[in-house]
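Because the structure is predicted, anything quoted here is derived from the model rather than measured. All values below were derived from every heavy atom in this structure, side-chain atoms included, with hydrogens, water molecules and symmetry-related copies excluded.
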Amino acid sequence: MKLVTVAEMQAAERECGVPVPQLMENAGLAFAEAVRADLGDLNRHRVLVLAGPGNNGGDGLVAARHLSEWGASVQVYLLRPRLADDAVYRAAAEKGITIVNAEEDSMLSHEMLQRSLAEADVIIDAFLGTGVSRPIEGELREIMRRLESTRARANPPRLFAVDVPSGVDPDSGAADPAAVAADMTVSFQWSKTGLHQLPGKKYGGRLEVVDIGIPAEFSPGLNTEMMTAEWARALLPPRPADAHKGTFGHVLVVAGSPRYVGAAYLATAAALRVGAGLATLACGRTVHPMVAAKLSEATFLPLPDEDGYLTGDAVVPIAEMLKQGVASLLVGPGLGQAPYVRSFLSGLLTAIKNHPPKGLVIDADGLNNLAQLKDWPGLLPAGTVLTPHPGEMARLTGLSTGEVQADRLAIARRFSRDWQATVVLKGAYTIVAAPEGCAAISPFANASLASGGTGDVLAGAVAGLLAQGMEPFAAAALGVYLHGQAAENWSAQFGEAGLLAGDLLPKLPRVINALRRTEENNE
């Protein structure tokens, strides 16, 4: 599903060739139809439309007119008076719809607003939409406060938002303290990126996207995607019947230390579980016996270590294996942050420039050590995927975690471009961004994933998909989807507490199989 920023939406509206008044009529009608479909018989409903002075308010006035025509009892409360020659205002007034101006009502201590809020069983938020640009204050803040109070009563009215709930940033999802959560948001033509990030996701309620007449040819130019099952199905690498293990690629996983033996196992097993043909775990000689006892399906490359932590001497055997044609390389899970690990990582990145794998994934301690190397972006080969959580992203960027979280999509895009690497910014509604500007947002926010080792599984899954010939952005995004859906499936059976990272491993092939079976059933 395509998502848009405000700038992209405005450009499409400006360039699509459909006049703005017609787009407004289309939007208002489509919104009203969505409300009617949700409510059913309108004759018993009392509807209050809260309308702003801009296009969002105009959409609300068009919707008010149609809802009135279909039998609802409708009132409109205007934040600011609209011009007498405003076509949508005039059309609503000519229908006999009661219209109240907030400026007049404020002199009466908002008596008419309070009465309308008390009487309405349906409220439409058409104040700001995508027009939010500054903190909500003054008259609008007082109205929103009263709306919030109305929504807190025992039997609250249903609240529908026009395009985006007022106070929610349509790009980042940031929410003004005055914003009020809707039961349902009807978004026009394409959903807005802020509705798929926190906290905006919490304010949107059920989301419906409606067509407002912008021609389909404008859609392919949009470069932000909401991950869906249909989207994931189209990305799955083929599994020809005459394949052999070489067909599906060789993953080399550099992971593990005495404290984090499990990370090495989880990452390597995940690469195999998503379909890689062969996986080799390169780990310290001290760690090797511990992980080999649990992981019988992989091959091993025992490496020189110092008390279980990799040293610079480990670079040479890894480089030799890469020369033999390894398809993807994963570095980082459980490596630790000893000074000689940092030296090892620097030496490895320098060495692989001569024989780079098609895809490189750097995760966990790989990222923590990377952040301490001077001018590290210049060390990354083409095809690198970085998989930071917000704290790791903060260390890599020099920003605070709060700054990273404040605008996750923009941050992921910015640094993916700057670093020329695919960035997987993990967390609720994980974001994947590519240097070329495209991005994908995960539909999953699952508390069960707040468990040690689940990130190692994700990193291994991405590396396993890279080994099968997928491009870095596609592999990273599909890995995020499979990982998230595996957690959803586990939670549906057991709840949102108690998931162990290893529980995801058998779920991964089941998710893939379910996607393929659906495809077969549709043929």
Side-chain angles (χ1 to χ4, degrees), residues 6 31 46-61 63-64 74-83 86 88-89 98-187 192-195 197-205 402 405-407:
V6 172
F31 180 89
R46 300 178 65 86
V47 179
L48 173 62
V49 179
L50 303 173
N55 287 349
N56 196 250
D59 299 332
L61 284 165
V74 181
Q75 294 184 41
V76 174
Y77 193 87
L78 294 178
L79 180 62
R80 300 279 184 274
R82 296 182 76 97
L83 297 175
D86 183 324
V88 293
Y89 170 77
T98 300
I99 300 176
V100 175
N101 285 311
E103 289 184 353
E104 299 171 0
D105 190 34
S106 63
M107 295 184 288
L108 301 173
S109 300
H110 298 96
E111 288 182 7
M112 288 182 280
L113 172 65
Q114 204 60 42
R115 184 164 57 250
S116 296
L117 288 171
E119 294 173 352
D121 65 300
V122 176
I123 299 175
I124 293 172
D125 170 12
F127 274 140
L128 297 177
T130 60
V132 60
S133 59
R134 59 182 181 274
I136 293 176
E137 53 192 11
E139 183 76 8
L140 179 55
R141 185 176 185 84
E142 175 59 22
I143 296 171
M144 297 297 285
R145 185 189 68 78
R146 291 173 185 254
L147 174 60
E148 177 68 40
S149 179
T150 300
R151 290 277 289 163
R153 72 192 190 200
N155 295 299
R158 285 185 61 73
L159 180 60
F160 295 83
V162 176
D163 211 12
V164 177
S166 293
V168 171
D169 188 294
D171 288 349
S172 71
D176 190 280
V180 179
D183 294 300
M184 177 175 168
T185 297
V186 180
S187 205
K192 312 307 179 286
T193 58
L195 294 174
Q197 301 172 75
L198 291 176
K201 178 79 172 180
K202 294 180 179 179
Y203 285 83
Q405 293 291 79
D407 198 348

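Here the side chains of Val122 and Phe160 are in contact, with some heavy-atom distance below 4.5 Å.
Between the OG1 atom of Thr185 and the NZ atom of Lys201 there is a distance of 10.0 Å, given to the nearest 0.5 Å. Here the CD1 atom belonging to Ile143 is positioned 9.5 Å from the CG atom belonging to Leu147, to the nearest 0.5 angstrom. Put simply, CG on Asp163 and CZ on Phe31 are 9.5 Å apart, with the number rounded to the nearest 0.5 Å.
Exactly one residue among Thr98, Leu117, Val100 makes a side chain to side chain contact (heavy atoms under 4.5 Å, CB included) with Met112. That residue is Val100. A side chain to side chain contact (heavy atoms under 4.5 Å, CB included) with Val162 is found for exactly one of Val49, Leu128, Ile124, Leu50, namely Ile124.
When all heavy atoms are compared, the tightest approach of Glu139 to Ala102 is OE2-O, 3.6 Å. Shortest non-hydrogen contact noted between Val164 and Thr130 is CG2-CG2, 4.0 Å.
Applying the side-chain hydrogen bond (donor to acceptor under 3.5 Å, both in side chains) definition to pairs two or more places apart or across chains, those involving residues 152-161 are Asp38-Arg158.
Classification of Glu111 and Arg115 as a salt-bridged pair fails, no side-chain N sitting under 4.0 Å from a carboxylate O. A salt bridge between Arg151 and Asp183 is present, with a side-chain N of the basic residue lying under 4.0 Å from a carboxylate O of the acidic one. A salt bridge does not link Arg145 with Glu148: every distance from a Lys NZ or Arg NE/NH1/NH2 to an Asp or Glu carboxylate oxygen is 4.0 Å or more.
Inspection of the Asn101 and Tyr77 side chains reveals no N or O donor paired with an N or O acceptor under 3.5 Å.
Heavy-atom contacts from other residues, nucleotides or ligands closer than 6.0 Å to CG of Asp171 number more than 12.
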Check your understanding: Can you check side chain to side chain contact (heavy atoms under 4.5 Å, CB included) on Asp176 and Met144, steps first, answer last?
Key -> CA-CA 11 Å; Asp176 190 280; Met144 297 297 285; over 6 Å; no

